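Working notes, structure below.
By convention in this document, chain letters (A, B, ...) are assigned in the order of the sequence lines, proteins followed by strands, and residues within each chain are numbered from 1. The structure presented is a predicted model; accordingly, all values stated were derived computationally and were not measured.
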Amino acid sequence: MSGEHVLICVAWPYANGPLHLGHVAGCYLPPDIQARFERALGNRVLMVSGSDEHGTPITVTAETNGVSPQDVVDKYHAINNQALLNLGCTWEPNQDPRGIEFGGSLFNRTSDPEHHKYVIENFQSLMEAGLFEKKTMQQYYEIRDDGGRFLPDRYVEGECPHCGEDGARGDQCDECGITYEAHELKNPSSKMNPGAKIEIRDTEHFFYRLDLFQSTLEQHASERQKVWKSNVRAMTKQWLEMGLRSRAVTRDLQWGIPLPLEGEQWHGKCIYVWFEAVQGYYSCARLWAERYGGSSDWEKWWKIGADGTVPRHLYFLGKDNIPFHTVIWPAIIMGLNHANKGLDSTDPIRLPGPGDLALEANVPAMEYLMLAGGQFSKSRKHAVWLPSFLERFDPDTLRYYLAINMPENHDTDFNWPDFVEKINSELIGAYGNFVHRVLTLGQRLTGPQPLGQFEDNSLCELEMEKLEQIHADITLSLSRHRFKEALRFVMTASQLGNQMLQSATPWKHLKDSQSNEAKESLAKLSFGWRIARFLAITTQPFLPFSAQRLWVALGEKGEVSQSEWAQAIDWNIPMKWNPIEPTPLFTRLDLEEILADEQALVSTESTNNDPTHGVKGGKKSTKEEKKMPEGITYLNFETFMEVELRVGKIISVEDHANADKLYVVKLDDGTADGRTICAGLKEYYQASEMVGKSVVFVANLKPRKLRGIMSEGMMLAADDDNGIVRLLTIDGDISTGSLVR
RNA sequence: AGCGAGGUGGGGUAGUUUGGAUAUCCCGUCGGGCUCAUAACCCGGAGAUCGAUGGUUCAAAUCCAUCCCUCGCUACCA
């Protein structure tokens, strides 16, 4: 087991904003715990990741802020890199302190020219192997003085060919939900630059033949059934059952890796971000080898040995990224293997064998961490940012809370009261307190080895046995990527320590240390030092900062991260002592204070106008909030009078067949035909309550389709923002159709 | 409505893939103990018809069917 090559692949954070706690819990903390654990076991760990820096959202941010895309990614690469280091993630040093043969880590970036070089190399070899096909697509093109550009569908707006709604996107109408070809959109314009002329142009693109890999991927997935978690199995299965189709690997955009092809038609095209960024796992390993080791060293972590030894690849990512890593990326890896053997698209695709690049061993994907019951969201300012958190708290408190609360099997929640509770009662009350008891009691004894002099391990065999069991439990849990469970086991060791002290009552014997009873009691206290040492080693993957503080407080030298995992239960290690007065490992948290700080933070951050961001493995899109005008704005009387309000009587109310919240209301509006209005009142009214009511409605609102049914107007209702919504009704009788003023 | 995930003592959670005996652990709560320790620690108690109903089985939290509810995404909203 020891000495195994383990490649830890971490989802690449999108360099368009800072990381928040959801990202940390989902994809950045777990791999670091795993890497630290594997290193302690004596394995050779290479950890790779970096900033994902290409793609349209970054150019939009750059354009919005009037800076270059490179400026945007430089900024967030630096911020995120530093935040991860501050969190204790082992992206530095790049070389394992035990030696380069033990690996290391590299947090790179996709704008690195060397990354470009490897991606281009791979692109060409896949193309030569015939694994791409060429297709012509139609795309909007914005004509500008400086040459113009193709526009992604989401940056084109126009009138829906189906319902006529203005503001429909290039490929889909948000109003009626219909999808269409780009050329069908009426009066299209560029969202970023509405004045510009735009037109449809043909554009050629390459598509990766995922379809060729279908059966091999199915075989691969069936072989992984036992190790994959249920969410990984389910999402992969869904993808494979839908059937794989070829997928575009090039795009019309300017910020990315240009196509390595001659010819005017390839000008202005880049390799599609999804296809290029995933290859970072590969390029990053090669770059690491070139920069810190021998140039072929990467092969030890990537290639299957001649004897069939497979390096263990672990990918850490969020649930939305699962099919990318269990279907698409394996297909690319197998494509590269295929091409390297000189095979082409007519040859059958095979699973990797000796000499080939290896596929993933496991993908311990996480669900999401929610914030106080809701999704983390930039636009709603509903987030706790990693950099600001680390300015205020010990990183180990975050690591503890996120690890004990990790969204391994389902979404979990971050909230401040729970955070404070868990830190104070578990981390400090149980673990910190036990350690502090041992050290301060030792301090009261005299001699160069105040605890060591009373050591008598023959009296502590039961404790040893229990700790050995706990050690085995932690080891098994971590090797199965069950972080929560593993940390629970670690905490039981401090509980064991507290129990031992409680029954031994060493504080009663600090002065009469010569009696037999005292010797027995103090031998237990002495063993407390060994339990604390056990805790320093076993908490190290989770809580590296406090583990090191404890290591020093115990009188041990060097780095606890360098000590072997099995040493935690080596009872023959000579005891040491640090005569310096012990200080508590952690400071208690005060909820009131934190909540007050949070308030202050929210108000200062609300002026801060960061662009939207995404992350691979995190949530991608953020909902746009309704923009309410700031301050008081006055309305002209004329403008108000443009609104035609009339009285109507509700004739019937039916459920909208295709919507959760909508009723279809038939209204007698004084005309012969009446009118139909879709109203989102299902949560607030029974249909029967509404029938017969005389209500006020807006008669000249532009009709629009809601979930397939045309709604001709809107009924007025009052909303107190606390979940109470009531319709405006008429006091007394009046004929339907009467004007309201 | 479509897709995905989930409902286990007051809160949180393990166990479900591969059925098995008193259903795990943490917090809270109640009672007791200790006073070395950061109002921390230790012992004990109460508290769950494992979302509902039906089925398979000697045996179901676990397998099957139907239904209900919750959450996320996609929608959508007074």
Side-chain angles (χ1 to χ4, degrees), chain A residues 172 174-177 225-231 233-235 238 242 319-320 322 367-368 370 373-375 404-413 415 417-418 421-422 424-444 477 482 484-485 487-489 491-492 494-495 497-510 521 525 528 582-589 619-621 623 626 655-663 677-685 705-708 711 714-721 723-728:
Chain A
Q172 188 182 4
D174 285 339
E175 280 317 310
C176 60
Q225 289 300 298
K226 290 218 167 106
V227 290
W228 282 350
K229 301 204 296 188
S230 64
N231 57 354
R233 282 201 300 264
M235 298 202 68
Q238 205 198 338
M242 281 191 305
K319 62 176 164 186
D320 57 339
I322 290 169
E367 302 286 315
Y368 289 146
M370 315 291 268
Q375 275 258 351
I404 207 74
N405 207 15
M406 200 171 273
E408 283 170 17
N409 298 311
H410 44 75
D411 296 345
T412 59
D413 194 55
N415 66 73
D418 192 44
E421 164 71 35
K422 287 239 163 41
N424 284 348
S425 82
E426 297 177 21
L427 184 64
I428 300 179
Y431 166 55
N433 184 47
F434 164 68
V435 167
H436 200 54
R437 289 173 92 179
V438 172
L439 294 176
T440 50
L441 282 166
Q443 217 37 241
R444 295 224 205 156
S477 295
R482 297 177 172 208
K484 247 196 284 209
E485 183 180 82
L487 187 50
R488 280 271 165 242
F489 283 130
M491 298 315 277
T492 60
S494 52
Q495 195 175 21
N498 277 321
Q499 284 166 348
M500 183 187 72
L501 289 187
Q502 196 65 32
S503 70
T505 62
W507 49 89
K508 289 181 180 165
H509 306 285
L510 297 172
S521 170
L525 173 59
T583 52
L585 285 178
F586 306 99
T587 315
R588 283 181 66 83
L589 302 176
K619 181 175 149 40
K620 278 194 178 108
S621 57
K623 275 181 196 159
K626 270 186 229 164
D655 286 357
H656 190 303
N658 194 28
D660 289 353
K661 300 179 181 174
L662 296 181
Y663 278 132
I677 289 178
C678 294
L681 293 171
K682 236 177 185 173
E683 288 176 51
Y684 313 107
Y685 278 94
K705 253 189 187 173
L706 295 177
R707 306 248 66 195
S711 177
M714 182 174 114
M715 295 188 290
L716 299 187
D719 180 356
D720 72 348
D721 271 334
I724 307 284
V725 172
R726 295 278 96 180
L727 281 165
L728 259 64

message: Determine whether a donor-acceptor pair (N or O, by modelled atom type, separation under 3.5 Å) exists between the side chain of A/Asn405 and the backbone of A/Thr412.
response: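 A pair under 3.5 Å: no.
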
Need one value for [X]: base, sugar-phosphate or nothing, where a base atom within 4.0 Å counts as base even if backbone is also close, heavy atoms only.
| X | result |
| --- | --- |
| A/Met491 | nothing |
| A/Leu727 | nothing |
| A/Lys422 | nothing |
| A/Phe434 | nothing |

[N] versus [M] - spacing of their [atom1] atoms, nearest Å:
| N | M | atom1 | result |
| --- | --- | --- | --- |
| B/G28 | B/A65 | P | 42 Å |
| B/U13 | B/G6 | P | 13 Å |
| B/U8 | B/U18 | P | 24 Å |
| B/A40 | B/A61 | P | 38 Å |
| B/G12 | B/U70 | P | 15 Å |
| B/A48 | B/C42 | C1' | 27 Å |
| B/A21 | B/U62 | P | 14 Å |
| B/G15 | B/C58 | P | 29 Å |

message: Measuring only between side-chain heavy atoms, which start at C-beta, is A/Glu367 closer than 4.5 Å to A/Asn409?
response: no

task: Provide the closest heavy-atom pair for A/Pro506 versus A/Ser521 in the form atom of the first, atom of the second, distance.
output: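 Looks like CA-OG, 3.0 Å.
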
- prompt: Do you know the tightest heavy-atom contact between A/Val438 and A/Gly528?
  reply: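 Answer, listing the atom of A/Val438 first, then A/Gly528: CG1-C, 3.8 Å.
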
Quiz item: A/Arg488 side-chain donor-acceptor pair to B/C26 base, under 3.5 Å: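 Such a pair does not exist between side chain and base.
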
Nearest to the side chain of [X], heavy atoms from C-beta on, is which of [options]?
| X | options | answer |
| --- | --- | --- |
| A/Asn498 | B/C42, B/A14, B/C26 | B/C42 |
| A/Glu426 | B/U38, B/U35, B/C26 | B/C26 |
| A/Tyr368 | B/G72, B/U13, B/C36 | B/G72 |
| A/Glu421 | B/C27, B/C41, B/C36 | B/C27 |
| A/Thr412 | B/U13, B/C36, B/U38 | B/U13 |

Nearest 0.5 Å please: distance from the [atom1] atom of [X] over to the [atom2] atom of [Y].
| X | Y | atom1 | atom2 | value |
| --- | --- | --- | --- | --- |
| A/Thr587 | A/Asn424 | OG1 | CG | 10.0 Å |
| A/Leu427 | A/Lys422 | CG | NZ | 12.0 Å |
| A/Lys229 | A/Arg482 | NZ | CZ | 9.5 Å |
| A/Ile404 | A/Glu485 | CD1 | CD | 10.5 Å |

Separation of atom [atom1] in [X] from atom [atom2] in [N], rounded to whole Å:
| X | N | atom1 | atom2 | answer |
| --- | --- | --- | --- | --- |
| A/Ile322 | B/A5 | CD1 | C1' | 11 Å |
| A/Asn433 | B/C42 | CG | C1' | 12 Å |
| A/Glu367 | B/U70 | CD | P | 20 Å |
| A/Glu408 | B/U17 | CD | P | 19 Å |
| A/Leu427 | B/C41 | CG | C1' | 16 Å |
| A/His509 | B/U35 | NE2 | P | 11 Å |
| A/Leu501 | B/C43 | CG | P | 12 Å |
| A/Tyr431 | B/C26 | OH | P | 19 Å |

Hey, does the side chain of [X] come within less than 4.0 Å of [N]'s phosphate (OP1/OP2), counting only N and O?
| X | N | answer |
| --- | --- | --- |
| A/Gln495 | B/C26 | yes |
| A/Arg482 | B/G15 | yes |
| A/Asn409 | B/A14 | yes |
| A/Gln502 | B/G33 | no |
| A/Arg588 | B/A40 | yes |

Under a 3.5 Å limit for both distances, which nucleotide forms a Watson-Crick or G-U wobble pair with [N], could you say?
| N | answer |
| --- | --- |
| B/A1 | B/U74 |
| B/U24 | none |
| B/G47 | none |
| B/A40 | none |

message: Here's a test of your reading of the structure: between A/Lys484 and A/Arg437, which maps to the more 5' nucleotide of RNA chain B?
response: A/Lys484

